[in-house]
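Taking it in order: structure first as structure tokens, then the write-up.
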Amino acid sequence: MRHPGALLPYVAAAVVIAAGSVALVLATVDEGGDPAPAASARTGAAPQLSSSGRLAYWRQSPSGAFVLWAANLDGSRPRSLTTLAANTSRPFATRWTGDGSAVAFVTDLGIAVINLDGTRMDISAPAQLRLSGFRVIDHRWSPSGTRVAVTFQRSTDGKTDLYLGSLDRRELVRAGELGNAFAGDWLSDDEVLVESDSGVLGAVREPGTAIRKLVDRSAASPFFDGTRVLFLAGPVAATGDPTGLFVTNPSVWSVRPDGSDTRSEGRLEVAGNLRLDGVWPDGRYLMHVRADQTQYLIGPRSTSLAPSSLLRRAVVSSDRRTAIGFGGSRIVRIDLTRGLTPAENAFVVLLDGVISADAWVRRSALP
């Protein structure tokens with residue numbers, strides 16, 4: 001068994017993960033999908049965006065204002081959605097809602113949601129929670145884009161708490177006594193995955209309801225591919241910071257969303273405190289390690305993709321011909337026709353000078 005330090009870091013896959021960044025996500029998208037209807041409250045019709053994949057990102061104007069933009073996954077048909085004044089806190093944790101109809105981001109008071117027509121809704125964090133030092137570190141949206149699971153963390157001691165909310169009620173309600181819990185992917189509009197530092201992996205439906213355990217073993221780091229929940233089994237370790245939970249010397253397992261058909265996907269050939277981030281198209285696992293926060297591609301051909309590129313996440317098209325990488329202030333297009341470990345010339349910068357970017361793709365199971 002090797003230590004991950006013996007492997008080459010995988011950048012977008014060898015990706016340096018910044019504290020509080022979202023783990024690398026692999027999803028599928030058809031780049032050539034039909035445009036989805038998009039209403040606009042502005043003068044003149046705004047360009048319609050693809051119904052299969054979209055980008056969202058911020059740019060800062062010379063005056064200091066922050067402008068939110070949306071575009072197709074390839075960067076085409078960009079449109080501005082809203083502008084924040086220069087004296088506004090820098091937006092972060094930008095996420096598309098689950099149906100791709102709106103873009104949400106964290107504010108000083110909670111979460112703001114910007115529809116494609118530019119209208120805004122706000123979901124406020126409980127005042128007492130904010131006064132106690134808790135801040136939003138992550139928010140996950142249900143497939144319909146109507147419900148949200150929000151992870152709060154207190155920086156003084158690393159304690160986390162999970163809250164659920166909806167666009168209808170526009171308030172956040174504590175999910176329950178879940179320990180130091182982190183929200184994961186939504187299994188459906190009714191249930192969201194939850195992992196905790198006690199090693200309990202399960203799903204929650206409504207505030208105050210008991211967690212539905214998916215497995216009877218110590219586990220964390222779930223990744224839902226649309227059909228099965230992949231996870232790491234082993235002792236769970238908390239970092240006390242927004243990077244979340246890690247599993248010590250784990251093996252990879254999977255289970256159906258209803259908790260049935262638990263099966264081993266194989267033991268890893270590496271040791272250490274690991275977190276599962278996703279699956280690359282050739283079946284290798286994308287992971288990062290607690291010690292250095294560097295992401296690794298772990299499998300039969302563990303290797304780096306592009307050591308000079310610092311990418312935090314990647315989204316792969318359904319035809320597996322391209323991928324979009326996010327890192328620092330850049331959005332990068334990756335040509336996968338050159339191979340699933342492409343050369344440096346397969347990377348093309350789509351956008352530079354962006355802030356807190358995200359991608360939405362139509363949800364579907366990985367092949």
Side-chain angles (χ1 to χ4, degrees), residues 22 25-61 65-84 91 93-105 111-123 139-148 166-168 186 189 226 313-326 330-336 348-365:
V22 182
V25 176
L26 174 69
T28 59
V29 57
D30 179 3
E31 288 189 304
D34 296 332
S40 176
R42 309 176 192 278
T43 303
Q48 292 182 329
L49 295 179
S50 170
S51 63
S52 57
R54 299 170 180 177
L55 296 174
Y57 54 91
W58 295 84
R59 288 190 184 274
Q60 192 166 18
S61 70
F66 298 98
V67 182
L68 176 62
W69 290 82
N72 287 335
L73 197 64
D74 61 1
S76 64
R77 298 183 180 178
R79 57 194 290 188
S80 60
L81 300 183
T82 194
T83 300
L84 304 181
T94 302
R95 278 189 177 274
W96 282 96
T97 57
D99 61 349
S101 67
V103 181
F105 61 96
I111 297 173
V113 182
I114 309 297
N115 294 311
L116 290 180
D117 63 4
T119 56
R120 172 171 173 162
M121 294 178 287
D122 285 274
I123 304 177
H139 52 111
R140 305 292 184 96
W141 290 84
S142 66
S144 69
T146 58
R147 300 185 67 192
V148 63
S166 69
L167 293 180
D168 293 334
W186 286 79
D189 270 346
R313 297 189 295 135
V315 179
V316 180
S317 62
S318 60
D319 62 9
R320 301 187 176 193
R321 296 177 61 84
T322 60
I324 302 296
F326 299 88
R330 290 182 170 182
I331 300 177
V332 178
R333 182 184 179 93
I334 308 168
D335 183 0
L336 296 184
V348 176
V349 176
L350 285 181
L351 295 165
D352 203 352
V354 302
I355 300 169
S356 188
D358 188 39
W360 170 82
V361 295
R362 182 168 295 284
R363 189 171 183 173
S364 60

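- With sequence neighbours left out, Ala359 forms a side chain to side chain contact (heavy atoms under 4.5 Å, CB included) with Leu55, Leu73, Val315, Phe326.
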Report the C-alpha separation of Asn115 and Leu81 in whole Å, then their side-chain angles, then the decisive distance to 0.1 Å, and conclude whether the side chain to side chain contact (heavy atoms under 4.5 Å, CB included) test is met. CA-CA 8 Å; Asn115 294 311; Leu81 300 183; over 6 Å; no
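- For Asn72 (side chain) and Asp74 (main-chain N/O), no donor-acceptor pair under 3.5 Å exists by modelled atom type.
- Of the inter-residue distances, the one linking Trp360 atom CH2 with Ser101 atom OG reads 9.0 Å to the nearest 0.5 angstrom.
- Annotation: side chain to side chain donor-acceptor pair (under 3.5 Å) contacts of Thr94 (sequence neighbours excluded): Trp58, Ser356.
- Minimum heavy-atom separation, Trp186 to Pro143: CB-CD, 3.9 Å.
- In terms of heavy-atom proximity, Gly100 sits nearest to Leu116 at O-CD1, 4.0 Å.
- With rounding to the nearest 0.5 angstrom, the CD1 atom of Ile355 is 12.0 Å from the CZ atom of Phe105.
- Across all their heavy atoms, Leu167 and Gly145 have their closest contact at CD1-O, 3.2 Å.
- Asp189 meets the salt bridge (charged side-chain N to carboxylate O under 4.0 Å, His left out) test with no other residue; sequence neighbours excluded.
- The minimum heavy-atom distance between Val67 and Ser80, with the atom names listed, is CG1-CB, 4.0 Å.
- For Ser142 (side chain) and Arg147 (main-chain N/O), a donor-acceptor pair under 3.5 Å exists by modelled atom type.
- With sequence neighbours excluded, the residues that form a salt bridge (charged side-chain N to carboxylate O under 4.0 Å, His left out) with Arg120 are Asp122.
- Scanning both residues, Ala71 and Ser76, for their nearest heavy atoms gives CB-O, 3.5 Å.
- To the nearest 0.5 Å, atom CD1 of residue Ile324 and atom CD1 of residue Ile331 are 8.0 Å apart.
- The two residues Pro78 and Tyr57 make their nearest non-hydrogen contact at CB-OH, 3.9 Å.
- Between the CG atom of Leu84 and the CD atom of Gln60 there is a distance of 10.5 Å, given to the nearest 0.5 Å.
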Trace of the side chain to side chain donor-acceptor pair (under 3.5 Å) decision for Asp168 with Ser166: CA-CA 5 Å; Asp168 293 334; Ser166 69; 5.0 Å; no
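- Looking at Asp358, its side chain does come within 3.5 Å of a backbone N or O of Trp96 through a donor-acceptor pair.
- Listed for the Arg95 side chain is no donor-acceptor partner under 3.5 Å among the backbone atoms of Arg140.
- Take Ala104 and apply the side chain to side chain contact (heavy atoms under 4.5 Å, CB included) test, not counting sequence neighbours, and it matches Ile111, Val113, His139, Trp141.
- Atom CZ of Arg59 has more than 12 neighbouring heavy atoms from other residues, nucleotides or ligands inside a 6.0 Å radius.
- With sequence neighbours excluded, no residue satisfies side chain to side chain donor-acceptor pair (under 3.5 Å) with Thr83.
- Remark: side-chain polar atoms of Arg79 are not paired, donor with acceptor, to backbone N or O of Leu49 under 3.5 angstrom.
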